[in-house]
Number of protein chains: 2
Amino acid sequence: MSYTVNKLARISGVSARTLRFYDEIGLLKPAFYGDNQYRYYEEEQLLMLQQILFFRELGFPLSDIQQILGSDDFDKIESLKTHKSILQSNLEQTETLIKTIDKTISHIRGKLIMRDAEMYDGFDPKKQQEHEKYMLDSGIISQQQVDDSWNKVSHWKKPNWEQFQNEGEQLNQDLTKAMKQGLKPESEDTQILIQRHYAWVNNFWTPTKETYIGLGKMYLDHPDYRSFYNKYHPDLVEYLVSAMNIFAERELS
Amino acid sequence: MSYTVNKLARISGVSARTLRFYDEIGLLKPAFYGDNQYRYYEEEQLLMLQQILFFRELGFPLSDIQQILGSDDFDKIESLKTHKSILQSNLEQTETLIKTIDKTISHIRGKLIMRDAEMYDGFDPKKQQEHEKYMLDSGIISQQQVDDSWNKVSHWKKPNWEQFQNEGEQLNQDLTKAMKQGLKPESEDTQILIQRHYAWVNNFWTPTKETYIGLGKMYLDHPDYRSFYNKYHPDLVEYLVSAMNIFAERELS
DNA sequence: TCTTGACCTTGACGTTACGTCATTTGTTAT
DNA sequence: ATAACAAATGACGTAACGTCAAGGTCAAGA
């Protein structure tokens with residue numbers, strides 16, 4: 001019962017090219033060649049091949065496998081031991097690489113959060129921290145909420161940020177338009193816009209009646225926010241905040 | 001301050017060939033080429049190179065590095081994440097490989113111990129077990145000592161075994177010679193040989209006066225041992241055992 | 001000015017373990 | 001006989017450089 005290349009390839013799971021290559025480098029010679037130069041393998045070669053594949057899966061280079069299969073059991077054990085220690089140092093190596101990757105990811109994320117924190121409202125990270133401090137000190141939000149908020153956005157992807165910024169931009173434009181049209185802050189249309197504002201803020205945290213009013217107060221108190229909203233219209237902050245107060249009284253608790 | 005290839009190579013720790021290669025594949029072009037075709041790099045390229053090397057150490061292929069360095073931080077994080085998961089599956093893979101190696105080592109060791117157990121005294125493993133049983137039953141050694149003995153030899157390397165066998169062979173020949181010369185078992189020369197026998201047995205376990213005598217008794221009782229020593233001389237067993245008894249009485253306790 | 005030695009250049013082949021053609025010859029089935 | 005299939009050889013491609021080889025360039029001393 002002799003196997004031809006493709007038959008042996010199929011039953012052993014390697015390619016015919018591989019068998020030809022092993023023949024070429026002298027790792028596994030066929031049992032004999034036919035008059036047609038065809039390679040014919042037998043059981044013995046099949047067993048040999050299985051040994052080869054075993055060591056190959058362990059990651060031994062073919063040259064080592066050659067020498068290992070020609071050596072006795074003592075030397076096999078030695079080879080296995082040294083190979084094992086190589087694998088073990090690979091393990092450690094890979095573990096530190098993974099740690100490095102983790103550190104790099106959080107580093108980049110830190111940069112990104114800073115950058116985006118600046119981008120979405122036009123304030124630089126230091127000012128952002130001031131605002132946080134203000135909100136903490138004035139009891140608008142708790143430290144826990146600050147942390148939750150950062151955790152929330154740190155998982156955001158690019159599209160999230162873009163959508164978030166677009167929503168904010170659109171909202172402010174719509175508010176400006178409503179104000180210019182002379183709509184009262186308590187008007188239904190404006191309140192619908194404030195509903196959108198509330199939902200928008202929910203991207204970070206969920207204000208209560210009290211803290212939503214506090215947020216409005218911060219808009220008024222802080223020159224950074226004033227100048228931000230002044231880009232749309234000088235009266236926009238007051239308009240927005242009074243509408244927010246009405247919304248808070250009517251809808252929040 | 002422009003660096004030439006070798007200078008940049010030295011300060012960055014890569015080879016000049018590597019820099020030329022990176023230029024070739026467009027990964028890191030020099031700041032400019034001189035009229036002499038020399039490559040000149042500047043700080044910017046040094047920083048770039050350090051980025052490249054960072055990702056290279058993480059195991060990224062150069063083609064990926066190209067694309068990563070051209071992408072923004074979001075995509076970098078994504079690349080790092082996917083690379084991390086690749087590394088993690090490598091970890092698992094390697095761990096199972098190590099386990100496989102361990103299993104293979106102990107498998108081969110098992111075979112070896114069997115084979116060597118046969119080789120060193122010419123008995124096959126089953127008979128060896130009989131002898132162990134005999135020695136256990138007759139109180140020559142304890143189960144603990146049997147285990148210790150196997151543990152001892154299972155760490156042996158090829159040279160150990162060869163030396164051990166050579167020592168035994170030499171000792172038996174010397175004993176035969178002494179016997180043929182008409183030396184009495186209690187003669188000093190013969191007792192020195194027995195001293196060697198005692199030391200030889202110590203390769204496995206440390207007999208007491210009583211157990212050393214028991215071992216001699218086994219040599220006499222067991223046909224396997226008789227036929228083993230008969231290869232040297234039909235009277236060798238009796239000669240050896242009586243010398244062992246004298247040694248035990250005089251030297252052991 | 002000439003030479004020397006250090007430094008630079010561009011090839012081009014070698015490495016690992018095959019994959020993937022292209023081309024040709026051999027076998028088998030209809 | 002002819003088509004379809006199987007096997008052969010040969011050669012190039014892969015990744016990331018290492019390692020020559022052969023030849024230009026630069027700074028410095030004689």
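Naming: A, B, ... by sequence-line order, numbering from 1 per chain.
- The base of C:dT9 lies outside donor-acceptor range of the side chain of B:R20, with no N or O pair under 3.5 Å.
- Regarding contacts with the backbone of C:dG19, a side-chain N or O of A:S15 is found under 4.0 angstrom from either OP1 or OP2.
- Nucleotide C:dA17 holds its C1' atom 11 Å from the CG atom of A:L27, rounded to whole Å.
- Using a 30° and 60° split on the angle between ring planes, A:F55 and A:F60 fall in the perpendicular class, above 60°.
- For the ring-ring contact (aromatic ring centres under 6.0 Å, His included) criterion with B:Y40, the lone passing option out of B:F32, B:Y33, B:Y3 is B:F32.
- The side chain of B:V5 lies closest to C:dT9, out of C:dT9, D:dC17, C:dA17.
- Taking the nucleotide of DNA chain C with the nearest heavy atom to each of B:Y33 and A:A16, the more 5' of the two is matched to B:Y33.
- The distance from atom CD1 of A:I52 to atom P of C:dC18 is 10 Å, rounded to the nearest whole Å.
- For the residue pair A:T82 and A:S85, no side-chain donor N or O sits within less than 3.5 Å of a side-chain acceptor on the partner.
- Remark: the B:R39 side chain and the C:dT9 base include no donor-acceptor N/O pair separated by less than 3.5 Å.
- Residue order along DNA chain D, read from the 5' end via each residue's closest nucleotide, puts A:R17 first among A:R17 and B:T18.
- For B:Y38 and D:dA27, the OH to P distance is 9 Å, given to the nearest whole Å.
- Salt-bridge annotation for B:K99 and B:D102: absent, with no side-chain N of the basic residue lying under 4.0 Å from a carboxylate O of the acidic one.
- With the nearest nucleotide of DNA chain D identified for both A:R10 and B:F60, A:R10 has the one nearer the 5' end.
- One finds a side-chain N or O of A:R56 lying less than 4.0 angstrom from the OP1 or OP2 phosphate oxygen of C:dC18.
- As judged by a 4.0 angstrom heavy-atom cut-off over every strand, A:Y22 is placed among residues touching the sugar-phosphate backbone only.
- Between A:D174 and A:R196, at least one side-chain N (NZ, or NE/NH1/NH2) sits under 4.0 Å from a carboxylate O, which counts as a salt bridge.
- Taking side-chain N and O atoms only, A:N36 has a distance below 4.0 Å to OP1 or OP2 of C:dT27.
- In this structure, CG of B:L62 is placed 9 Å from C1' of D:dC17, rounded to the nearest angstrom.
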